[in-house]
Every structure is written in C-alpha cells, then in structure tokens.
Amino acid sequence: MSGFLGPISGAISGVNRLVQTTGSVVSDVARIGQSFGGSQIPDSSGASWADGAWFQQLQPGSWRGVGFVLDAGMTAAGRRVAIHEYPYRDDAWAEDLGKLPRRFSIQAFLVGDDVYQQRDAMLRACEQSGAGTLVHPTLGSIQCVLLEFQCADRRERGRVVELQFSFIVAGDVKYPATTTATAQTVVAAAAQLNIASASDLGSALASVASVAHAATASVGQFTGIAMSAVNDASRIFNSVRGLAGFYGRYGTGSRSTLQPVTATVQGALAAATTARTLVNSTANLVNTAASFL
C-alpha cells in the first residue's frame with residue numbers, strides 16, 4: 001500500500017506546486033494590469049517600477065479629462081517628402097515639403113466596478129467636436145484631434161473595457177496674409193489724380209468758354225473782311241492803275257502812287273494773285289487755330 005500511495009502523494013504535491021505557480025502568475029498579471037494604479041511590479045533587475053525614475057516620469061493618461069490606462073502606444077512623425085523621378089536618371093530628387101504632424105495610436109483600457117460609467121464618459125468625450133487635450137503618459141499634454149476611436153468588451157476580461165485611439169496634432173487655421181502692393185497703390189493714386197486734375201481743368205475752362213467763343217467769332221469776322229477784300233473783282237483793275245500809259249476808260253491810271261516804269265501788266269496781275277492766295281491761306285490757318293479755342 002505504501003508503494004502505491006507514494007506516487008499518488010508525489011502527484012498531489014506536483015499539482016499543489018502547479019497551482020501555487022499558476023496563482024503566482026495570475027497575481028503577477030493582476031499586478032501588471034494595476035501597474036498604473038501604483039502597485040509595485042518587479043522587473044528583471046529586482047527593483048520595482050514604482051520606485052524607479054522611469055516610472056516617476058509617467059503621467060496618468062486621459063482624453064478631455066477622462067482617464068485611461070495605457071497598454072501600448074505608437075507615435076508617427078517625420079517629414080513630408082515628394083519624390084521626383086526622371087527618365088534616364090539613376091537617382092531621385094526628394095523634395096522636403098515640411099514637417100509631418102505627429103500622429104498617436106494608443107491602446108488602453110478602463111478597469112473597475114464602474115467600468116461602463118467610465119466607458120460612457122469616454123464615449124461622450126470622443127464625440128465632442130474640435131481639438132482637445134490628450135495627456136499622453138510619456139509625452140505629456142498635447143492638443144490633438146481625435147481621428148478614430150473604438151472600445152471593446154471581452155467576456156474573459158471581466159470588468160475591463162479595451163480602448164483604441166487614433167490622434168493627430170491639432171494646428172491653427174491659417175489664412176493667406178494680406179500685404180499692401182505699394183507700386184500698384186501709387187499707380188492707382190496717380191490715375192485718380194489725373195482724373196481729378198482733368199475734371200478741375202474742364203470746370204475751369206467751361207467758365208471761360210464764352211470768352212473763347214467770342215474771340216473765335218471776332219477772328220472769323222476779321223478774316224472774312226480780309227478775304228472779301230482780296231477776292232473783290234475790282235482788284236484786277238486796281239492792280240494795274242499805277243502803270244505808266246493809257247489803258248482805256250476802265251484803267252485811266254489815276255493813282256497817286258505810280259508803279260515803276262519797268263512794271264508790266266502781267267507782273268502786276270501775278271503779284272495781285274500771289275497776294276490774294278497768301279491772304280486766303282493765312283485766313284484759313286487763323287480760322288482753323290481759332291476753332292480749337
């Protein structure tokens with residue numbers, strides 16, 4: 001009988017040790033799940049996380065004031081780069097277009113008897129519009145915009161609700177800045193000055209228009225008298241009256257000033273015609289100039 005009970009006792013002892021080991025593992029897992037609540041978790045060096053400088057730097061995570069426990073987090077950052085590739089070139093030109101906005105992917109959880117009240121508060125916070133304050137356990141307080149949120153309930157995890165967040169750093173709304181085009185402003189002001197000057201000049205000339213019209217009328221009268229004088233048919237006879245000799249009863253030569261002895265009829269008529277043409281052309285020029293007044 002003792003030979004039979006020996007192996008049984010050994011098996012029972014092995015089961016007890018297995019149960020103790022399993023209980024220790026479960027206890028460790030529970031302590032890991034409550035690590036952000038302040039319990040001490042031994043690491044490989046033998047010191048506790050809560051006592052280390054690393055743990056002291058962590059901040060309680062929250063979104064819009066609703067807390068969560070960080071399980072895993074990933075940050076995406078870098079630069080905007082446009083790749084330009086060209087035919088028959090072995091390399092490419094990477095054009096830098098500025099810094100990328102940081103993105104944060106967070107896996108977290110809520111735990112406690114009031115876990116569903118915490119979940120509902122987180123849902124309300126996630127459904128608010130605009131930017132909010134994300135307290136990242138390792139990066140601190142950041143103004144972000146929530147891109148996506150998910151929560152999951154699992155039967156095997158009991159009073160734990162899993163959370164997933166996707167954030168992007170919020171930026172200010174920036175519009176194109178306006179500047180004054182000095183050259184265009186000066187040109188526009190000069191154009192307005194020209195228009196105003198022309199208007200003032202027109203108003204001033206309008207008041208003296210009657211004077212100009214009167215002068216124009218007087219000029220026309222004088223030029224008309226001059227043209228009538230040279231166009232008179234009697235000038236043909238008068239041009240040869242001063243010639244020496246007797247030219248009939250229509251040209252008796254009765255002039256007080258006689259022409260030179262060498263003067264001829266043809267010469268006198270030509271001179272009269274030239275004078276008539278000159279007077280007419282001059283009168284026309286004067287009339288044309290007067291019309292611009």
Side-chain angles (χ1 to χ4, degrees), residues 29-39 41 43-44 48-50 52-86 89 91-112 114-178:
V29 171
R31 287 197 299 270
I32 292 173
Q34 297 174 354
S35 61
F36 292 94
S39 63
I41 301 175
D43 59 14
S44 59
S48 66
W49 289 355
W54 168 83
F55 187 83
Q56 299 300 325
Q57 299 177 30
L58 300 181
Q59 303 181 41
S62 66
W63 168 240
R64 297 188 188 274
V66 181
F68 59 78
V69 181
L70 177 67
D71 193 15
M74 183 171 61
T75 302
R79 307 286 296 180
R80 294 188 184 92
V81 178
I83 305 300
H84 301 276
E85 297 180 346
Y86 304 95
R89 285 186 58 176
D91 54 359
W93 171 39
E95 181 182 6
D96 191 333
L97 301 180
K99 186 174 69 173
L100 279 172
R102 291 184 180 180
R103 294 174 179 261
F104 309 102
S105 298
I106 294 177
Q107 296 180 4
F109 62 88
L110 305 172
V111 63
D114 61 342
V115 65
Y116 296 122
Q117 287 77 14
Q118 297 180 49
R119 179 201 61 188
D120 294 341
M122 182 62 73
L123 285 172
R124 289 192 294 270
C126 292
E127 290 173 345
Q128 295 182 27
S129 62
T133 301
L134 168 67
V135 179
H136 195 286
T138 62
L139 297 175
S141 180
I142 308 170
Q143 287 296 310
C144 293
V145 174
L146 178 65
L147 300 179
E148 187 177 0
F149 170 74
Q150 294 180 349
C151 62
D153 302 305
R154 301 184 187 278
R155 177 179 56 82
E156 65 272 13
R157 299 201 63 177
R159 57 177 191 166
V160 174
V161 173
E162 298 176 353
L163 309 176
Q164 287 188 355
F165 301 91
S166 179
F167 297 98
I168 188 171
V169 173
D172 297 332
V173 179
K174 295 183 179 180
Y175 299 98
T178 58

- Query: Can you tell if the side chain of D71 reaches within under 4.5 Å of the side chain of V69, non-hydrogen atoms only?
  - Reply: no
- Task: Fit a plane to each ring of F68 and F165, take the angle between them on a 0 to 90° scale, and name the class: parallel (under 30°), tilted (30 to 60°) or perpendicular (over 60°).
- Result: tilted
- Considering non-hydrogen atoms only, spot the tightest contact between Q128 and R124 and give its length. CG-O, 3.3 Å
- Query: Between L100 and R79, is a side chain to side chain contact (heavy atoms under 4.5 Å, CB included) present by the stated rule, with each step listed?
  - Reply: CA-CA 5 Å; L100 279 172; R79 307 286 296 180; 5.7 Å; no
- Between CE of M74 and CD of Q107, what distance do you get to the nearest 0.5 Å? 8.5 Å
- Message: Keeping Q118 on the side-chain end and V111 on the backbone end, is there a donor-acceptor pair under 3.5 Å?
- Response: yes
- Message: Can you tell me how far apart OG (S129) and CG (L146) are? Round to the nearest 0.5 Å.
- Response: 11.5 Å
- Message: Which heavy atom of R80 sits nearest to which heavy atom of P101, and what is that distance?
- Response: NH2-CD, 3.5 Å
- Task: For A92 and E85, work out which heavy atoms get closest and say how close.
- Result: CB-CG, 3.8 Å
- Nearest 0.5 Å please: distance from the CD atom of E148 over to the OG atom of S105. 9.0 Å
- Item | C144 versus W63, closest heavy-atom pair with distance | O-CH2, 3.7 Å
- Beyond-backbone contact of I106 with Q164, side-chain heavy atoms, under 4.5 angstrom: no
- Query: If you draw a 6.0 Å radius around CZ in R119, do more than 12 non-hydrogen atoms from other residues or ligands fall strictly inside?
  - Reply: yes
- Interatomic distance, CZ@R102 vs CD1@I168, rounded to 0.5 Å, equals 12.5 Å
- pair L70-L58: side-chain heavy atoms closer than 4.5 Å: no
- Query: For R89, does the CZ atom have more than 12 heavy-atom neighbours from other residues, nucleotides or ligands under 6.0 Å away?
  - Reply: yes
- Counting N and O atoms only, with roles assigned by atom type, does the side chain of R103 sit under 3.5 Å from a partner on the main chain of F167, one being a donor and the other an acceptor? no
- Query: Taking all non-hydrogen atoms of both residues, which atom of L110 and which atom of V115 are closest, and how far apart?
  - Reply: O-CG2, 3.5 Å
- Would you name the heavy atoms of S62 and L134 that are closest together and state the gap between them? O-CD1, 3.5 Å
